[in-house]
Amino acid sequence: MARDVMTVDARISDHLAGATGTITIDLGRIAANWKALADKVAPARCGAVVKANAYGLGADRVIPALYRAGCTAFFIATPAEAEAARLLAPDADIYALDGLVGNAAQIFVRHNIHPVLSTLDDVAAWSLAARNHGDALPAALHIDTGLNRLGLPSRDVRRLAADPALLSGIRVELVMSHLASADVPNDPKNREQLVAFGTLSALFPNVPKSLAASDGLMLGPAYHFEIVRPGYALYGGQASAADTAPVAPAVTVAARILAVTAIAPGETVGYSATWQAERASRIATIAAGYADGIPRSAGCSNGETGGHVIIGGHRAPIVGRISMDLITVDVTDLPIDAAKPGAFATLVGNGLTIEDQGFAAGTIGYEILTRLGPRFTRLYIDERT
Ligand SMILES: *Cc1c(COP(=O)(O)O)cnc(C)c1O
């Protein structure tokens, strides 16, 4: 259930005094989402993908909340993210998806991070690091089964299996792959990748396996293996086009109304005058723009449908171009006292999902979530309150 922004607003009004925009992050909801996914995939283990600063929501708050909820496996992308995660989850398994980029090997040895090895060069470098370290080092092997993005191609997987010396000093704790089309449940590519993963991962018997992210875990138990890797769903995102994950929205985004202007028919709004009023109109100007991660493509010329915001419980359409710091919305059909300067307009929440905003901007909810900028004040609803 989406929380009422104004209730939260009242509780934390001190923080809000100078805020032009807010992102309210419900840590209890994120923890509950993780638990619901863990229940769904049991007896498989449920990890948490917290790369990109926990999808922009603040790894420093999200990781401890998940850790307290019982999550013991975290996936991040970069060495810097790994280092930060280790401080927050002292004895969890932390997997670094980008592998041994730069001087990562030193960092990973020091902080007991599991690199996800996707090339033979990375395997050789980690094996060498283990020799220098004088003890075996943990890692995951990433197999590419058709995404052709990152992961060992099948011939390299077979080479490793045929020549265990290549893996000397490496304790393989996980064999994983990633699905290309799991958001479309009946796409034949899912089955093809499942079969390829089954064949190639069987070359490493008795090692835990992982294939599914938020969308893949909705494809059923055949895709769960020993551990699943949801990210987006933890934050309330619905990743699958067909199946509804047992999660609820955890994020509300709001920005202040700065001004409300009455304009005459024929007047235009915004850069390049792409939207023209066909009637006497009231335009509310909101303090967020593309510099804050609201895509410019969510703007709207006459005859198009763009994004919406919610003001006082009413939906209002974005009109004209989105500029760097500002969005203009048509509030003509709203009650006069709903849209007032100083009030908050909801960009995500109150029934408007990140998927809605992604769709309106010609992108996906993931991009909306991860690009929300630093000018939003992040407010946390603690999982224990
Ligand atoms: C980002 C990522 C995930 C998480 O994906 P979601 O769709 O957010 O659940 C899982 N595995 C890999 C390899 C990833 O890169």
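When a ligand or atom number is given, it counts from 1 through the structure's own listing order. Residue numbers count from 1 along this sequence.
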Next on the checklist: Given the ring of Y380, does R61 sit roughly above its face, with NZ or CZ under 6.0 Å from the centre of the six-membered ring and within 45° of the axis?
Outcome noted: yes
Next on the checklist: The criterion is ring pair (Phe, Tyr, Trp, His ring centres under 6.0 Å); which residues satisfy it with Y235, sequence neighbours excluded?
Outcome noted: Y55
Checklist outcome for this item: By ring pair (Phe, Tyr, Trp, His ring centres under 6.0 Å), H224 pairs with (sequence neighbours left out) none
Item to check | Pocket residues of ligand 1, ordered first by chain and then by residue number (heavy-atom cut-off under 4.0 Å) | outcome: V49, K51, Y55, L97, R149, M176, H178, A213, S214, R229, P230, G231, Y232, Y366
Next on the checklist: Just by distance, no angles: are the side chains of S323 and R296 close enough, under 3.5 Å, to form a donor-acceptor pair?
Outcome noted: no
Checklist entry - Do you see a donor-acceptor pair shorter than 3.5 Å between the side chains of D121 and T119? => result no
Item to check | Members sharing L326's hydrophobic cluster (side chains within less than 4.5 Å) | outcome: L258
